[in-house]
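Heads up: the structure comes next, in structure tokens.
All chains are named by letter (A, B, ...) in the order of the sequence lines, taking the proteins before the strands, and each is independently numbered beginning at 1. Below, each value reflects all heavy atoms present in this structure, side chains not excepted, and no hydrogens, waters or symmetry copies.
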Amino acid sequence: MPELPEVETIKNDLNKLARGQLILRLEVRKPKLLKPSTKAVRWAIVGKVIKQIERRGKLLIFYLNGEHLLLMHLKMTGQIVWQPPRGRFLTGGHPIVGVSSVPNRFTHLTIYFKSGARLYFNDVRQFGYWQVIAKKELPKIYSKFGPEPFSLEFTRESFWQSLKKRGRTTIKAVLLDQKVVAGIGNIYADESLFLARVRPSKRVSTLSKNNAGDIYKAIKVILARAIKARGTSFNSYVDGQGRKGTYWEKRLVYGRRGEKCKRCRNIILKTLVAGRGTHYCARCQK
DNA sequence: CACTTGACCTGTCCGC
DNA sequence: TGCGGACAGGTCAAGT
């Protein structure tokens, strides 16, 4: 899905919409998308109030009063839809083609709030999940992520050091590794490498420190630009409110196979790198 | 150990 | 129009 800019947008929206809301009921249509699967999980969150929503990489963390937290991961096609007590829908995540109302056949989990508001979780491919954990378990979850790209721990030097720890693999595979820097996915990996003029298939061992510096800078520029655009939305999906990320129109290379490079007018190519569809300009990315 | 591949799912698109 | 195969914004376990 949803990569860092999309999840960041959802987090910001939900902090305005869902904070202070009291959870009345949890409806589980697809039990396997809720972890753990025991019924005790429902009791852990029913009657609780949403205090704050945070993001770590592509993971959403709902802080509740009491001992537990609710985590949500949207994976490839997860979508969150907020329905106010009255009024129109607001959505975030992967747009679902041809489905403009909720709940629908892809709605697998729903939270009902005392106010009458609802929070729906839709997911076509069912890779996404919700997970209830004890608050003390959070450090263990967080330790699986590398630095946040806009944190003080993520520096030009720390990035260079983590590149030096890698061997023959490609720079694209490294950018997709959440332990190197959290939140980059397939779109923004291609976008960042285009801006840095580095070919995605380039072996990290062959990168200069200047290359690394350019990539470091590009990651921040691209992610900031995408957050400002409220993320990327594919296709023509329009929800009740019609709010849609506009980065798709601003993208530099992703999904532009066969089009002219915005820098040199050469034709953009698409290949497979790190097992993912990868877009680049063979003339200006070396 | 570092790295790559396959699996998890359903839908869409493209070529024959 | 139908059908098969490739592919889709992520991550993990299993394989090399």
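- As rounded to whole Å, 7 Å separates atom C1' of B/dG11 from atom CZ of A/Phe106.
- Checked for salt-bridge contact, A/Glu148 and A/Arg55 meet the test: a charged N lies under 4.0 Å from a carboxylate O.
- In terms of phosphate contacts, A/Arg276 brings no side-chain nitrogen or oxygen within less than 4.0 Å of OP1 or OP2 of C/dC7.
- Annotation: A/Lys217, atom NZ; neighbour count of heavy atoms from other residues, nucleotides and ligands within 6.0 Å does not exceed 12.
- One finds no side-chain N or O of A/Gln178 lying less than 4.0 angstrom from the OP1 or OP2 phosphate oxygen of C/dG10.
- Contact annotation: A/Arg105 side-chain N/O to B/dG11 OP1/OP2 distance is under 4.0 Å.
- Distance check on atom P: C/dT11 versus B/dC1 gives 23 Å, rounded to whole Å.
- A straight line from CG of A/Asp177 to P of C/dC12 spans 10 Å, rounded to a whole angstrom.
- Closest approach to the A/Val124 side chain among C/dT11, B/dT10, B/dC3 is made by B/dT10 (side chain taken as heavy atoms from C-beta onward).
- At whole-Å resolution of the value, CE in A/Met76 and C1' in B/dC8 are 11 Å apart.
- Taking side-chain N and O atoms only, A/Lys75 has no distance below 4.0 Å to OP1 or OP2 of B/dT10.
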>> Go through it in stages, so that I can follow the logic: the residues are A/Lys172 and A/Asn186, the test is side chain to side chain donor-acceptor pair (under 3.5 Å), and I'd like the CA-CA distance, side-chain angles, deciding distance and then a yes or no.
In response: CA-CA 9 Å; A/Lys172 169 131 180 187; A/Asn186 205 36; 2.5 Å; yes

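- Within the 4.0 angstrom heavy-atom criterion, only backbone atoms of the sugar-phosphate kind lie near A/Lys32; the bases stay farther away.
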> Dot-bracket for DNA chain B, 5' to 3', with Watson-Crick and G-U pairs under 3.5 Å, [ ] for crossing pairs and | for other-strand pairs: what is it?
Replying inline: .|||||||.|||||||

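- Distances shorter than 4.0 Å separate some side-chain N or O of A/Arg166 from OP1 or OP2 on B/dC3.
- Salt bridge status for A/Glu157 with A/Lys209: present, with a side-chain N to carboxylate O gap under 4.0 Å.
- The distance from atom CZ of A/Arg203 to atom P of B/dA2 is 16 Å, rounded to the nearest whole Å.
- Not one side-chain nitrogen or oxygen of A/Lys144 sits closer than 4.0 Å to the OP1 or OP2 atom of C/dT11.
- Put simply, A/Phe127 does not rest on the base of C/dT11: the two rings are not both less than 5.5 Å apart at their centres and under 30° in tilt.
- Note on A/Gly185: only backbone sugar-phosphate atoms sit closer than 4.0 angstrom, heavy atoms only; bases stay farther off.
- Side-chain N/O atoms of A/His73 include none lying less than 4.0 angstrom from OP1 or OP2 on C/dG10.
- Residue contacts for A/Gly128: at a heavy-atom cut-off of 4.0 Å it reaches no nucleic acid atom on any strand shown.
- Taking atom P on both C/dG9 and B/dC14, the two are 15 Å apart, rounded to the nearest angstrom.
- Taking atom P in both C/dG5 and B/dA7, one finds a spacing of 16 Å when rounded to whole Å.
- Between A/Phe194 and A/Tyr254, the distance separating the two ring centers is not shorter than 6.0 angstrom.
- Using a 4.0 Å heavy-atom criterion, one finds that A/Lys165 contacts no nucleic acid atom at all.
- On the P atoms, B/dT5 is 15 Å away from C/dA8, given to the nearest whole Å.
- A close approach under 4.0 Å does not occur between any side-chain nitrogen or oxygen of A/Thr77 and OP1 or OP2 of C/dG9.
- Atom CD of A/Gln285 sits about 9.5 Å away from atom SG of A/Cys264, to the nearest 0.5 Å.
- For the pair A/Arg251 and A/Asp190, the salt-bridge criterion is not met [side-chain N within less than 4.0 Å of a carboxylate O].
- C/dG10 atom C1' lies 10 Å from atom CG of A/Asn186, rounded to whole Å.
- Nucleotides C/dT1 and B/dT10 have their P atoms positioned 27 Å apart, rounded to a whole Å.
- The separation between A/Leu175 atom CG and C/dG9 atom C1' is 15 Å, rounded to whole Å.
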Report all side-chain donor-acceptor pairs from residues 58-74 of chain A shorter than 3.5 Å, counting only partners two or more places apart or in another chain.
from	atom 1	to	atom 2	distance (Å)
A/Lys58	NZ	A/Ile184	O	3.0
A/Asn65	OD1	A/Val49	N	2.7
A/His73	ND1	A/Lys75	N	2.9

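- Summarising the geometry, the separation between CD1 on A/Ile141 and P on C/dT11 is reported as 13 Å, rounded to the nearest angstrom.
- Between A/Arg25 and A/Glu27 a salt bridge is recorded (basic side-chain N to carboxylate O distance below 4.0 Å).
- Look at the C1' atom in both B/dC8 and C/dC3: the space between them is 24 Å, to the nearest Å.
- C/dG9 atom C1' lies 11 Å from atom CG of A/Leu74, rounded to whole Å.
- Residues A/Lys270 and A/Leu59 each lie close to DNA chain C; by heavy-atom proximity, the contact nearer the 5' end of the strand is made by A/Lys270.
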